[in-house]
Amino acid sequence: MNAAEAFGQYLALVQANAGILDREPDLLANIREQATEDAADLIETYKADKDVPAECRTTSLYAPDYGINLSHIDMTADIAASFHCGVPNLNCYLAVVVNDVVHFTDTLGRLPEGLEIYSLRDVPAKYSEESSDLISRGFPVGSLLLTDGIYIRVAEGCRVDKPIQIVNIFKSDTPLLTPRRIIVDAKPESAVRILICDHSQSPAMQHLSSEAVNVAVGRGARVEIYDIEESSQATHRHRQLYAQQAGNSELVVNSTYLHGGVTANEYNVEVDGDGAFTDLSGLAVLSGKQIVSNKVVLRHKGRHCTSRQLFKTAVFDKAHGAFGGRVIVDQNACDTDAAQTNRNILVSPDARMDASPQLEIYCDEVKASHGATTGQLDEQALFYMQSRGIPRDDARRMLTQAFMADVIDHIGYEVLRQRLHVLVEKRLNGDSASCSACASACRTNNNEI
Amino acid sequence: MAEELLKVSNLHAGIDGKEILRGVNLTIRPGEVHAIMGPNGSGKSTLSGVLAGDPRFTVTEGSASFHGVDLLSLSPEDRSHEGLFLSFQYPVEIPGVTMVNFMRAAVNAKRKYLGEEPMSAADFLKMMRQKRAVVELDNKLASRSVNEGFSGGEKKRNEIFQMAVLEPRLSILDETDSGLDIDALRIVAGGVNKLRSDRNATIVITHYQRLLDYIKPDVVHILYKGRIVHTGGPELALELEERGYDWIKQEADKL
């Protein structure tokens, strides 16, 4: 399908529903107005991204005629109310997003001084003006259809005591595109940790999650963004992370893919200030016909900055993984220390992995490295384990888990680190093939799964 | 005469189309220790690999019966469950898999094969403690990744430790003495001797007589060009030590 058909259908839908949309809050109306122009431009100028698998390109992801909840009708409050997370000891501020409707739980009733969280439908005007660029960023089709989202503001010097967890749940009787957005505006010297979880309670229903996570990391601030995707084969996901970092700031991003259908993750990081630190990592376990693309564009503009990337993929069956990592070091970004590592294993002969690491360096005084390897499990290790009585399939799982261990081990958030070891082990054992078996299951009263 | 534990008949095997074993015959009974010696390239490690099921080797002819079971038709893991153990000449390092998890998986896989319940955590740890003592293996190695960063001596002691845990009916020690200093050799050999009984048997594959001072063989075989060309008692090993392999080669090549 071409761009005019894929994106044009949503443009037409918005134009046809102008009456409903006129009643939307100003902030969302402004985003839509801008996105309408951008979407039209996008149709004109669209070039297929050759680096990602065809299924992960936006023209493919947005091609189906999904339904849209343009009227922001909320029929799902009971799902949000009954959600509780299976991650033990996770004491957090919890927001639940059912499809594209944001629900704040009681945990958000009393926030510490300096932390403010709003629905995008009622962000105070002073903040929406201050953060307008950050809020409006996103893939034009997602922006065009946006009716809600989460806005998090962490005031200067505020170090948030507990993680903020955002749980995205999909539940629908009809195919649906859900535009989602999370804004994190972390002011200087602040610190915040955010965990985003994706689940599906309608695993057989076609779903596209179009989500933008936009982060501003202020001078000397530290932001950690973790996400776990454990949805279903019918779920497609287009996730765009955009971050800009000021001087001496720290950004940690980790993404874990356990289950889903087609996932396209984009990480765009601009390191503007001097002395900043960036740590991007991710792991994906793919089986069946799952397809996951992780695409990183990291631009160093400031001096004396350090960046680390570690992405690993284990591909089983006929699954298909892709990693595209582009690191750009600008002319003035001297003393940059950038390292990118991508390692993948193909566990079956039909598995496929595309890796394209790229370095673009316009400054002489830098240290930059990149490495990408795709291989198979060590046959000698497999035989050694089998010779001790460990069945070959179990040995493969143990080696795959061991292969992933360093990505998990370098997560500084201890509760999550321990949980991820368990979740990955369960995933490899095939225990969490559906939402109902998932260790972080969102339990509901009459769940038909 | 006691029953046969292992009976290898006319075994031919090779790697990448190149024949290495050219008709090996070998019979081992419970309680026996057999040494297999031979010059480099004679097929000693191929024989151990083929018996353990190393997929790099292809069997082209012959059979191996292990207490009545067709050994060559079994997967490597089932050979282990049936009581075969190979102590590797070069134990494999497995980064990210801890010794504890590795051994628990091995022990419970065998119990499952035998229709038994998995071992409780407490019982398992107690057993690990007892078995470690057999080869004086340091407790700290248990939490490390399998063989990763182990010294040469620690790797070989770790092999015998695994043997102690799995309680095999037939152990094949492939060049277990290589890379060992005299103290480590004594500990490893001592461990093997502690595990000996009249119900199990051992094949010791070695270049040198030295190991056989510690692990006394009942029978000594000489493997040359993929065949057992000479079989004798413990005195054969001493004779080899004295005279080298040349007389064996000449004798065999004449045939």
Side-chain angles (χ1 to χ4, degrees), chain A residues 256 281 283-285 310-314 341 343-345 347-349 371 373 375-411 417-418 420-431, chain B residues 48-57 74-114 144-148 155 158-159 161-168 171-172 174:
Chain A
T256 301
S281 64
L283 71 87
V285 180
L310 176 62
F311 284 85
K312 287 192 163 183
T313 320
T341 306
R343 302 209 186 291
N344 314 297
I345 43 171
V347 189
S348 82
T373 57
Q376 273 127 38
L377 293 174
D378 179 356
E379 272 301 325
Q380 275 301 100
L382 281 173
F383 171 60
Y384 187 71
M385 296 173 87
Q386 285 180 273
S387 79
R388 298 306 182 244
I390 302 172
R392 190 174 172 87
D393 281 350
D394 292 353
R396 292 204 309 190
R397 279 195 285 271
M398 289 173 76
L399 289 181
T400 306
Q401 196 176 356
F403 169 77
M404 296 295 189
D406 58 344
V407 182
I408 302 173
D409 282 335
H410 103 287
I411 293 174
R417 183 174 67 234
Q418 291 171 356
L420 277 179
H421 276 298
V422 175
L423 288 173
V424 169
E425 183 178 359
K426 279 177 178 285
R427 167 64 170 97
L428 292 168
N429 286 332
D431 290 349
Chain B
S48 61
V50 167
L51 292 177
D54 188 333
R56 289 178 301 172
F57 301 110
L74 299 180
S75 64
E77 51 267 38
D78 286 352
R79 297 181 198 203
S80 168
H81 298 147
E82 288 291 340
L84 186 80
F85 182 86
L86 171 62
S87 169
F88 282 55
Q89 181 177 4
Y90 303 108
V92 181
E93 296 188 7
I94 311 179
V97 176
T98 62
M99 273 306 299
V100 172
N101 283 346
F102 176 69
M103 289 316 295
R104 186 183 291 124
V107 166
N108 285 332
K110 180 170 184 177
R111 293 174 73 92
K112 189 176 174 187
Y113 183 81
L114 299 175
R144 298 238 303 261
S145 291
V146 177
N147 290 322
E148 193 184 37
K155 282 182 182 169
N158 191 22
E159 293 293 284
F161 159 69
Q162 294 170 40
M163 174 175 147
V165 170
L166 295 171
E167 298 178 342
S171 304
I172 305 172
D174 187 4

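The figures here come from the full heavy-atom set of this structure, side chains too, leaving out hydrogens, waters and symmetry mates.
There is no contact between B/Asn108 and chain A, counting heavy-atom distances below 4.5 Å. With a 4.5 Å cut-off on non-hydrogen atoms, B/Val146 touches chain A through its side chain but not through its backbone.
Here CD1 of A/Ile390 is found 8.0 Å from CE of B/Met103. Values are rounded to the nearest 0.5 Å.
Interface with chain B: from residues 380-388 of chain A, residues A/Gln380, A/Ala381, A/Phe383, A/Tyr384, A/Met385, A/Gln386, A/Ser387, A/Arg388 qualify, criterion being any non-hydrogen pair under 4.5 Å. Along residues 394-409 of chain A, the residues that come nearer than 4.5 angstrom to chain B, judged on non-hydrogen atoms, are A/Met398, A/Leu399, A/Ala402 in order of number.
By the salt bridge (charged side-chain N to carboxylate O under 4.0 Å, His left out) test, B/Arg56 is found to be paired with B/Asp54, residues two or more places apart in sequence or in another chain being considered.
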Got a list of side-chain donor-acceptor pairs under 3.5 Å for residues 83-96 of chain B, not counting sequence neighbours?
residue: B/Ser87; atom: OG; partner: B/Thr176; partner atom: OG1; Å: 3.3
residue: B/Gln89; atom: OE1; partner: B/Ser45; partner atom: OG; Å: 3.4
residue: B/Glu93; atom: OE2; partner: B/Lys155; partner atom: NZ; Å: 3.0

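Note: B/Gln162 leads B/Lys112, B/Glu82, B/Lys110, B/Gln162 in heavy-atom pairs under 4.5 Å with chain A.
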